[in-house]
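A note on names: the letters A, B, ... follow the listed sequences, proteins ahead of strands, and every chain is numbered from 1. What you are looking at is a predicted structure, and each value in this text was computed from that prediction instead of being measured. Note that these values count all heavy atoms, side chains included, but never hydrogens, waters or copies made by symmetry.
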Protein chains: 2
Amino acid sequence: MSRDGKTEQSIKDAAKKIFLRKGFSGARMQDIADEAGINKALLHYYFRSKEKIFDQVFQEALETFFPRIIEVINSDLPLFDKITVFVREYITTLTQHPYIPLFILHEISQDPQRLIQKLISMQNEFRPQKFIAQIQTEIKAGMIKSVSPVQFIINMLALCIFPIAGKPMIQGVLGLDEIQYRLLLEQRITEVPKLLIDSLKP
Amino acid sequence: MSRDGKTEQSIKDAAKKIFLRKGFSGARMQDIADEAGINKALLHYYFRSKEKIFDQVFQEALETFFPRIIEVINSDLPLFDKITVFVREYITTLTQHPYIPLFILHEISQDPQRLIQKLISMQNEFRPQKFIAQIQTEIKAGMIKSVSPVQFIINMLALCIFPIAGKPMIQGVLGLDEIQYRLLLEQRITEVPKLLIDSLKP
DNA sequence: GTCTATAATTTGATAGAC
DNA sequence: GTCTATCAAATTATAGAC
(Lines give C-alpha, C1' and ligand atoms only; values in the text may rest on other atoms or scores of the structure.)
Protein backbone atom coordinates (compact mmCIF):
# COMPACT_ATOMS: atom_id res chain seq x y z
CA MET A 1 0.00 0.00 0.00
CA SER A 2 0.87 3.66 -0.39
CA ARG A 3 3.25 2.95 -3.22
CA ASP A 4 3.11 6.70 -3.73
CA GLY A 5 5.43 7.40 -0.85
CA LYS A 6 2.77 8.51 1.57
CA THR A 7 4.22 6.43 4.39
CA GLU A 8 7.74 7.55 3.66
CA GLN A 9 6.66 11.16 3.80
CA SER A 10 4.81 10.72 7.06
CA ILE A 11 7.92 9.14 8.53
CA LYS A 12 10.00 12.08 7.36
CA ASP A 13 7.54 14.53 8.86
CA ALA A 14 7.49 12.67 12.14
CA ALA A 15 11.26 12.38 12.25
CA LYS A 16 11.62 16.08 11.57
CA LYS A 17 9.27 16.94 14.38
CA ILE A 18 11.00 14.69 16.92
CA PHE A 19 14.61 15.36 15.94
CA LEU A 20 14.15 19.12 15.77
CA ARG A 21 12.75 19.19 19.28
CA LYS A 22 14.97 16.62 20.98
CA GLY A 23 18.15 16.48 18.94
CA PHE A 24 19.81 13.30 17.77
CA SER A 25 20.70 11.84 21.14
CA GLY A 26 17.44 12.83 22.78
CA ALA A 27 15.19 11.44 20.06
CA ARG A 28 13.84 7.88 20.27
CA MET A 29 12.93 5.73 17.32
CA GLN A 30 9.76 4.80 19.22
CA ASP A 31 8.80 8.49 19.45
CA ILE A 32 9.15 8.83 15.70
CA ALA A 33 7.17 5.66 15.05
CA ASP A 34 4.39 6.82 17.37
CA GLU A 35 4.31 10.27 15.80
CA ALA A 36 4.05 8.69 12.33
CA GLY A 37 1.39 6.24 13.49
CA ILE A 38 3.40 3.17 12.55
CA ASN A 39 5.81 0.82 14.32
CA LYS A 40 9.53 0.80 14.70
CA ALA A 41 10.13 -2.02 12.23
CA LEU A 42 8.75 0.08 9.44
CA LEU A 43 11.19 2.85 10.20
CA HIS A 44 14.03 0.48 9.54
CA TYR A 45 12.35 -0.79 6.42
CA TYR A 46 12.29 2.69 4.88
CA PHE A 47 15.51 4.02 6.36
CA ARG A 48 18.18 1.62 7.51
CA SER A 49 19.08 3.31 10.77
CA LYS A 50 18.50 6.21 13.12
CA GLU A 51 21.59 7.88 11.70
CA LYS A 52 20.17 7.67 8.18
CA ILE A 53 16.86 9.26 9.13
CA PHE A 54 18.69 11.95 11.01
CA ASP A 55 20.83 12.78 8.00
CA GLN A 56 17.73 13.56 5.97
CA VAL A 57 16.33 15.78 8.69
CA PHE A 58 19.62 17.59 9.17
CA GLN A 59 19.96 18.18 5.46
CA GLU A 60 16.48 19.64 5.17
CA ALA A 61 17.01 21.76 8.26
CA LEU A 62 20.19 23.20 6.78
CA GLU A 63 18.34 24.02 3.59
CA THR A 64 15.76 25.93 5.58
CA PHE A 65 18.39 27.61 7.70
CA PHE A 66 20.70 28.75 4.95
CA PRO A 67 19.75 28.97 1.29
CA ARG A 68 16.79 31.27 1.71
CA ILE A 69 19.26 33.69 3.17
CA ILE A 70 21.77 33.34 0.42
CA GLU A 71 19.27 34.04 -2.30
CA VAL A 72 18.65 37.49 -0.91
CA ILE A 73 22.21 38.06 0.15
CA ASN A 74 23.64 37.29 -3.27
CA SER A 75 21.00 39.28 -5.10
CA ASP A 76 21.63 42.61 -6.82
CA LEU A 77 19.65 44.72 -4.38
CA PRO A 78 21.19 47.92 -3.03
CA LEU A 79 22.83 47.34 0.35
CA PHE A 80 20.24 48.93 2.60
CA ASP A 81 17.36 47.28 0.78
CA LYS A 82 19.12 43.98 0.99
CA ILE A 83 19.51 44.29 4.75
CA THR A 84 15.85 45.17 5.15
CA VAL A 85 14.64 42.29 3.01
CA PHE A 86 17.02 39.81 4.55
CA VAL A 87 15.97 40.56 8.11
CA ARG A 88 12.29 40.45 7.25
CA GLU A 89 12.56 37.19 5.32
CA TYR A 90 14.80 35.54 7.82
CA ILE A 91 12.87 36.42 10.95
CA THR A 92 9.68 35.36 9.19
CA THR A 93 11.13 32.04 8.09
CA LEU A 94 12.62 31.24 11.47
CA THR A 95 9.42 32.20 13.25
CA GLN A 96 7.65 29.61 11.14
CA HIS A 97 10.32 27.02 11.98
CA PRO A 98 11.28 27.97 15.51
CA TYR A 99 13.15 24.78 16.37
CA ILE A 100 15.54 24.98 13.44
CA PRO A 101 18.13 27.45 14.77
CA LEU A 102 18.86 25.75 18.07
CA PHE A 103 18.77 22.35 16.41
CA ILE A 104 21.35 23.40 13.85
CA LEU A 105 23.57 25.14 16.39
CA HIS A 106 23.44 22.19 18.76
CA GLU A 107 24.10 19.49 16.19
CA ILE A 108 26.91 21.42 14.54
CA SER A 109 28.43 21.92 17.96
CA GLN A 110 28.24 18.16 18.53
CA ASP A 111 29.94 17.46 15.22
CA PRO A 112 31.33 20.48 13.34
CA GLN A 113 32.52 18.14 10.61
CA ARG A 114 28.93 17.50 9.62
CA LEU A 115 28.58 21.12 8.49
CA ILE A 116 31.96 21.25 6.77
CA GLN A 117 30.93 18.14 4.86
CA LYS A 118 27.72 19.72 3.64
CA LEU A 119 29.45 22.96 2.77
CA ILE A 120 31.86 21.06 0.56
CA SER A 121 29.16 18.97 -1.10
CA MET A 122 27.27 22.18 -1.84
CA GLN A 123 30.43 23.82 -3.08
CA ASN A 124 30.26 26.62 -0.56
CA GLU A 125 27.05 27.74 -2.12
CA PHE A 126 26.10 29.64 1.00
CA ARG A 127 29.22 31.59 1.65
CA PRO A 128 28.33 35.30 1.63
CA GLN A 129 31.28 36.37 -0.51
CA LYS A 130 29.26 38.62 -2.74
CA PHE A 131 27.70 40.38 0.22
CA ILE A 132 31.11 41.00 1.76
CA ALA A 133 32.36 42.44 -1.52
CA GLN A 134 29.33 44.70 -1.75
CA ILE A 135 29.98 46.12 1.72
CA GLN A 136 33.62 46.73 0.84
CA THR A 137 32.62 48.54 -2.33
CA GLU A 138 30.28 50.83 -0.43
CA ILE A 139 33.02 51.58 2.06
CA LYS A 140 35.47 52.51 -0.67
CA ALA A 141 32.85 54.71 -2.28
CA GLY A 142 32.48 56.50 1.04
CA MET A 143 28.80 55.62 1.22
CA ILE A 144 29.03 53.86 4.59
CA LYS A 145 31.28 53.75 7.63
CA SER A 146 34.41 51.65 7.50
CA VAL A 147 33.13 48.56 9.30
CA SER A 148 34.32 44.98 9.31
CA PRO A 149 31.99 43.09 6.94
CA VAL A 150 32.38 39.91 8.96
CA GLN A 151 31.43 41.68 12.18
CA PHE A 152 28.47 43.24 10.46
CA ILE A 153 27.23 39.88 9.21
CA ILE A 154 27.60 38.37 12.66
CA ASN A 155 25.59 41.24 14.11
CA MET A 156 22.86 40.72 11.55
CA LEU A 157 22.68 37.00 12.17
CA ALA A 158 22.80 37.45 15.93
CA LEU A 159 19.92 39.92 15.96
CA CYS A 160 17.77 37.63 13.81
CA ILE A 161 18.64 34.19 15.17
CA PHE A 162 19.14 34.72 18.88
CA PRO A 163 15.59 35.84 19.65
CA ILE A 164 14.34 32.57 18.13
CA ALA A 165 16.99 30.22 19.48
CA GLY A 166 16.85 31.81 22.93
CA LYS A 167 13.11 32.22 23.13
CA PRO A 168 12.44 29.98 26.16
CA MET A 169 15.29 31.58 28.07
CA ILE A 170 14.30 35.14 27.21
CA GLN A 171 10.69 34.42 28.00
CA GLY A 172 11.64 32.98 31.37
CA VAL A 173 13.95 35.79 32.40
CA LEU A 174 11.88 38.68 31.10
CA GLY A 175 8.55 37.04 31.96
CA LEU A 176 6.90 37.34 28.56
CA ASP A 177 3.93 35.28 27.40
CA GLU A 178 3.39 33.92 23.90
CA ILE A 179 1.41 36.90 22.65
CA GLN A 180 3.91 39.43 23.93
CA TYR A 181 6.70 37.44 22.35
CA ARG A 182 5.05 37.26 18.96
CA LEU A 183 4.51 41.01 19.01
CA LEU A 184 8.10 41.56 19.98
CA LEU A 185 9.35 39.49 17.05
CA GLU A 186 7.09 41.40 14.69
CA GLN A 187 8.52 44.69 15.90
CA ARG A 188 12.01 43.41 15.25
CA ILE A 189 11.23 43.05 11.56
CA THR A 190 11.26 46.83 11.30
CA GLU A 191 13.53 47.73 14.21
CA VAL A 192 16.51 45.47 13.47
CA PRO A 193 17.08 46.79 9.93
CA LYS A 194 16.94 50.35 11.27
CA LEU A 195 19.55 49.51 13.87
CA LEU A 196 21.81 47.77 11.37
CA ILE A 197 21.54 50.50 8.75
CA ASP A 198 22.15 53.20 11.35
CA SER A 199 25.31 51.38 12.36
CA LEU A 200 26.60 51.82 8.81
CA LYS A 201 25.86 55.50 8.37
CA PRO A 202 28.96 57.72 8.44
CA MET B 1 40.95 7.97 50.92
CA SER B 2 40.53 11.58 49.88
CA ARG B 3 38.25 12.29 52.80
CA ASP B 4 38.75 15.92 51.84
CA GLY B 5 36.36 15.72 48.93
CA LYS B 6 39.01 15.49 46.27
CA THR B 7 37.19 12.68 44.47
CA GLU B 8 33.86 14.42 44.65
CA GLN B 9 35.37 17.51 43.11
CA SER B 10 37.02 15.58 40.32
CA ILE B 11 33.67 13.97 39.55
CA LYS B 12 32.01 17.37 39.43
CA ASP B 13 34.69 18.69 37.11
CA ALA B 14 34.39 15.67 34.85
CA ALA B 15 30.60 15.86 34.83
CA LYS B 16 30.73 19.52 33.96
CA LYS B 17 33.06 18.90 31.07
CA ILE B 18 30.98 16.08 29.62
CA PHE B 19 27.50 17.50 30.19
CA LEU B 20 28.43 20.95 28.87
CA ARG B 21 29.71 19.43 25.64
CA LYS B 22 27.13 16.70 25.06
CA GLY B 23 24.03 17.79 26.93
CA PHE B 24 22.04 15.57 29.26
CA SER B 25 20.84 13.00 26.74
CA GLY B 26 24.14 12.86 24.88
CA ALA B 27 26.30 12.39 27.98
CA ARG B 28 27.18 8.90 29.22
CA MET B 29 27.95 7.99 32.80
CA GLN B 30 30.88 6.00 31.46
CA ASP B 31 32.28 9.13 29.79
CA ILE B 32 32.13 10.98 33.08
CA ALA B 33 33.73 8.11 34.98
CA ASP B 34 36.53 7.88 32.42
CA GLU B 35 37.09 11.63 32.50
CA ALA B 36 37.30 11.54 36.30
CA GLY B 37 39.57 8.50 36.22
CA ILE B 38 37.25 6.35 38.29
CA ASN B 39 34.51 3.81 37.58
CA LYS B 40 30.78 4.11 37.21
CA ALA B 41 29.96 2.60 40.60
CA LEU B 42 31.70 5.45 42.31
CA LEU B 43 29.60 7.98 40.48
CA HIS B 44 26.51 6.45 42.00
CA TYR B 45 28.17 6.33 45.38
CA TYR B 46 28.70 10.09 45.41
CA PHE B 47 25.62 11.14 43.49
CA ARG B 48 22.62 8.87 43.39
CA SER B 49 21.81 9.21 39.71
CA LYS B 50 22.64 10.83 36.39
CA GLU B 51 19.83 13.31 36.97
CA LYS B 52 21.35 14.35 40.31
CA ILE B 53 24.79 14.99 38.84
CA PHE B 54 23.23 16.91 36.00
CA ASP B 55 21.32 19.13 38.39
CA GLN B 56 24.56 20.26 39.99
CA VAL B 57 26.10 21.02 36.63
CA PHE B 58 23.05 22.87 35.41
CA GLN B 59 22.89 24.94 38.56
CA GLU B 60 26.53 25.95 38.30
CA ALA B 61 26.16 26.70 34.61
CA LEU B 62 23.23 28.99 35.33
CA GLU B 63 25.25 30.78 37.96
CA THR B 64 27.97 31.39 35.42
CA PHE B 65 25.52 32.39 32.76
CA PHE B 66 23.44 34.80 34.78
CA PRO B 67 24.52 36.35 38.07
CA ARG B 68 27.72 37.91 36.82
CA ILE B 69 25.52 39.82 34.45
CA ILE B 70 23.07 40.90 37.06
CA GLU B 71 25.72 42.30 39.34
CA VAL B 72 26.70 44.82 36.69
CA ILE B 73 23.21 45.34 35.42
CA ASN B 74 21.80 46.19 38.83
CA SER B 75 24.71 48.41 39.77
CA ASP B 76 24.53 52.19 40.01
CA LEU B 77 26.70 52.89 36.99
CA PRO B 78 25.53 55.46 34.43
CA LEU B 79 23.74 53.78 31.53
CA PHE B 80 26.45 54.01 28.89
CA ASP B 81 29.17 52.88 31.30
CA LYS B 82 26.99 50.02 32.36
CA ILE B 83 26.54 48.86 28.80
CA THR B 84 30.27 49.05 28.17
CA VAL B 85 31.18 47.13 31.31
CA PHE B 86 28.46 44.56 30.82
CA VAL B 87 29.50 43.70 27.29
CA ARG B 88 33.17 43.47 28.21
CA GLU B 89 32.54 41.32 31.27
CA TYR B 90 30.05 39.10 29.56
CA ILE B 91 32.01 38.42 26.39
CA THR B 92 35.08 37.76 28.51
CA THR B 93 33.25 35.36 30.81
CA LEU B 94 31.59 33.46 27.99
CA THR B 95 34.83 33.24 26.06
CA GLN B 96 36.33 31.51 29.08
CA HIS B 97 33.33 29.16 29.26
CA PRO B 98 32.40 28.72 25.62
CA TYR B 99 30.12 25.71 26.07
CA ILE B 100 27.86 27.36 28.61
CA PRO B 101 25.55 29.40 26.36
CA LEU B 102 24.52 26.63 23.99
CA PHE B 103 24.24 24.18 26.87
CA ILE B 104 21.87 26.49 28.73
CA LEU B 105 19.83 27.33 25.66
CA HIS B 106 19.53 23.68 24.68
CA GLU B 107 18.61 22.35 28.09
CA ILE B 108 16.10 25.11 28.74
CA SER B 109 14.56 24.37 25.38
CA GLN B 110 14.26 20.71 26.37
CA ASP B 111 12.59 21.61 29.63
CA PRO B 112 11.64 25.27 30.13
CA GLN B 113 10.25 24.38 33.54
CA ARG B 114 13.75 23.76 34.77
CA LEU B 115 14.58 27.45 34.37
CA ILE B 116 11.31 28.67 35.83
CA GLN B 117 12.00 26.47 38.84
CA LYS B 118 15.41 28.02 39.39
CA LEU B 119 14.10 31.53 38.88
CA ILE B 120 11.54 30.96 41.60
CA SER B 121 14.02 29.41 44.01
CA MET B 122 16.30 32.38 43.46
CA GLN B 123 13.40 34.77 43.89
CA ASN B 124 13.85 36.25 40.43
CA GLU B 125 17.23 37.51 41.47
CA PHE B 126 18.30 37.86 37.89
CA ARG B 127 15.42 39.75 36.44
CA PRO B 128 16.75 43.01 35.00
CA GLN B 129 14.01 45.22 36.46
CA LYS B 130 16.36 47.88 37.67
CA PHE B 131 18.05 48.13 34.29
CA ILE B 132 14.71 48.49 32.54
CA ALA B 133 13.74 51.27 34.95
CA GLN B 134 17.02 53.02 34.32
CA ILE B 135 16.44 53.02 30.57
CA GLN B 136 12.94 54.37 31.04
CA THR B 137 14.24 57.15 33.25
CA GLU B 138 16.79 58.19 30.65
CA ILE B 139 14.11 58.23 28.00
CA LYS B 140 11.84 60.46 30.07
CA ALA B 141 14.76 62.77 30.74
CA GLY B 142 15.27 63.02 27.00
CA MET B 143 18.80 61.71 27.28
CA ILE B 144 18.27 58.80 24.88
CA LYS B 145 15.96 57.77 22.08
CA SER B 146 12.60 56.29 22.95
CA VAL B 147 13.44 52.62 22.56
CA SER B 148 11.82 49.50 23.96
CA PRO B 149 13.95 48.43 26.96
CA VAL B 150 13.11 44.78 26.33
CA GLN B 151 14.19 44.99 22.70
CA PHE B 152 17.37 46.74 23.74
CA ILE B 153 18.23 44.03 26.25
CA ILE B 154 17.58 41.32 23.68
CA ASN B 155 19.90 43.10 21.26
CA MET B 156 22.58 43.32 23.90
CA LEU B 157 22.31 39.67 24.81
CA ALA B 158 22.14 38.59 21.17
CA LEU B 159 25.31 40.47 20.24
CA CYS B 160 27.20 38.97 23.19
CA ILE B 161 25.87 35.42 23.28
CA PHE B 162 25.34 34.48 19.65
CA PRO B 163 29.00 34.75 18.59
CA ILE B 164 29.86 32.23 21.31
CA ALA B 165 26.90 29.88 20.94
CA GLY B 166 27.15 29.93 17.16
CA LYS B 167 30.91 29.76 16.90
CA PRO B 168 31.22 26.44 15.04
CA MET B 169 28.53 27.49 12.57
CA ILE B 170 29.98 30.94 11.97
CA GLN B 171 33.46 29.51 11.63
CA GLY B 172 32.26 26.99 9.10
CA VAL B 173 30.28 29.40 6.97
CA LEU B 174 32.73 32.29 7.07
CA GLY B 175 35.80 30.06 7.02
CA LEU B 176 37.56 31.49 10.04
CA ASP B 177 40.29 29.71 12.01
CA GLU B 178 40.74 29.81 15.77
CA ILE B 179 43.10 32.77 15.78
CA GLN B 180 40.90 34.85 13.55
CA TYR B 181 37.94 34.02 15.71
CA ARG B 182 39.63 35.01 18.94
CA LEU B 183 40.64 38.33 17.40
CA LEU B 184 37.10 38.88 16.21
CA LEU B 185 35.70 38.33 19.68
CA GLU B 186 38.23 40.74 21.15
CA GLN B 187 37.19 43.42 18.69
CA ARG B 188 33.59 42.94 19.70
CA ILE B 189 34.41 43.98 23.25
CA THR B 190 34.86 47.53 21.98
CA GLU B 191 32.63 47.48 18.90
CA VAL B 192 29.43 46.08 20.40
CA PRO B 193 29.13 48.77 23.12
CA LYS B 194 29.67 51.45 20.47
CA LEU B 195 26.90 49.98 18.35
CA LEU B 196 24.51 49.67 21.28
CA ILE B 197 25.19 53.16 22.60
CA ASP B 198 24.85 54.66 19.13
CA SER B 199 21.46 52.99 18.84
CA LEU B 200 20.33 54.97 21.91
CA LYS B 201 21.53 58.40 20.85
CA PRO B 202 18.71 60.75 19.85
C1' DG C 1 4.34 -2.90 3.03
C1' DT C 2 3.18 -3.66 7.55
C1' DC C 3 3.00 -6.13 11.66
C1' DT C 4 4.50 -9.02 16.00
C1' DA C 5 8.08 -10.92 18.31
C1' DT C 6 12.65 -10.99 19.55
C1' DA C 7 17.58 -10.41 19.22
C1' DA C 8 21.64 -7.52 20.28
C1' DT C 9 23.53 -3.73 22.35
C1' DT C 10 23.87 0.07 25.23
C1' DT C 11 23.41 2.20 29.52
C1' DG C 12 21.97 3.56 34.20
C1' DA C 13 22.10 1.46 38.48
C1' DT C 14 23.20 -2.04 42.30
C1' DA C 15 25.48 -5.96 45.08
C1' DG C 16 29.13 -7.34 47.40
C1' DA C 17 34.27 -8.03 48.08
C1' DC C 18 38.21 -5.56 49.67
C1' DG D 1 35.93 4.76 49.48
C1' DT D 2 36.87 2.14 45.62
C1' DC D 3 36.64 -1.73 42.72
C1' DT D 4 34.74 -5.92 39.89
C1' DA D 5 30.91 -8.14 38.43
C1' DT D 6 26.30 -8.10 37.29
C1' DC D 7 21.43 -6.75 36.83
C1' DA D 8 17.46 -4.50 34.82
C1' DA D 9 15.68 -1.41 31.77
C1' DA D 10 15.81 1.00 27.64
C1' DT D 11 16.79 1.27 22.86
C1' DT D 12 18.34 0.22 18.17
C1' DA D 13 17.92 -3.20 14.91
C1' DT D 14 16.37 -7.62 12.66
C1' DA D 15 13.62 -12.08 11.57
C1' DG D 16 9.80 -13.85 9.86
C1' DA D 17 4.63 -14.19 9.38
C1' DC D 18 0.90 -12.14 6.83
**Student:** Calculate the interatomic distance between B:E8 atom CD and D:dT2 atom P; express it in whole Å.
**Tutor:** 10 Å

**Student:** Would you please name every residue forming a salt bridge (Lys or Arg N to Asp or Glu O under 4.0 Å) with A:E60, sequence neighbours left out?
**Tutor:** A:K16

**Student:** To the nearest angstrom, how far is A:I32 atom CD1 from D:dA10 atom C1'?
**Tutor:** 16 Å

**Student:** If you look only at pairs with a residue in residues 94-122 of chain B, which of them pass as a ring pair (Phe, Tyr, Trp, His ring centres under 6.0 Å), with sequence neighbours excluded?
**Tutor:** A:H106-B:H106, B:F54-B:F103

**Student:** Does the protein touch nucleotides 12-18 of chain D at the base, only the backbone, or not at all? Give it as B, S and - per nucleotide, heavy atoms under 4.0 Å.
**Tutor:** BBBB---

**Student:** For D:dC3, does either OP1 or OP2 sit under 4.0 Å from a side-chain N or O belonging to B:N39?
**Tutor:**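 Yes, B:N39 has a side-chain N/O under 4.0 Å of OP1/OP2 on D:dC3.
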
**Student:** Send over the distance from B:I11 CD1 to D:dC3 C1', rounded to a whole Å.
**Tutor:**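 Value for this atom pair: 13 Å.
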
**Student:** From CD1 of B:I18 over to C1' of C:dG12, roughly how many Å is that when rounded to an integer?
**Tutor:** 16 Å

**Student:** Check residues 155-168 of chain A and write down every donor-acceptor pair under 3.5 Å in which the side-chain atom is one partner and the other belongs to a residue at least two apart or another chain.
**Tutor:**
residue : atom : partner : partner atom : Å
A:N155  : OD1  : B:R188  : NH1          : 2.9
A:N155  : OD1  : B:R188  : NH2          : 2.7
A:N155  : ND2  : A:Q151  : O            : 3.4
A:K167  : NZ   : A:E178  : OE1          : 2.9
A:K167  : NZ   : A:E178  : OE2          : 3.4

**Student:** According to salt bridge (Lys or Arg N to Asp or Glu O under 4.0 Å), who are the partners of B:E191, at least two apart in sequence or on a separate chain?
**Tutor:** B:K194

**Student:** Would you say the side-chain atoms of B:Q110 pair up with the backbone N or O of A:R21, donor to acceptor, closer than 3.5 Å?
**Tutor:**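 Yes; judged by distance alone, with no hydrogens or angles, the pair exists.
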
**Student:** If the condition is salt bridge (Lys or Arg N to Asp or Glu O under 4.0 Å), which residues does B:K40 pass it with, not counting sequence neighbours?
**Tutor:**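 Applying salt bridge (Lys or Arg N to Asp or Glu O under 4.0 Å) to B:K40 gives none.
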
**Student:** Return the value, rounded to whole Å, for the distance between atom CZ of B:F19 and atom C1' of C:dG12.
**Tutor:**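 It works out to 11 Å between those atoms.
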
**Student:** What integer distance in Å separates B:L43:CG from D:dT2:P?
**Tutor:** 11 Å

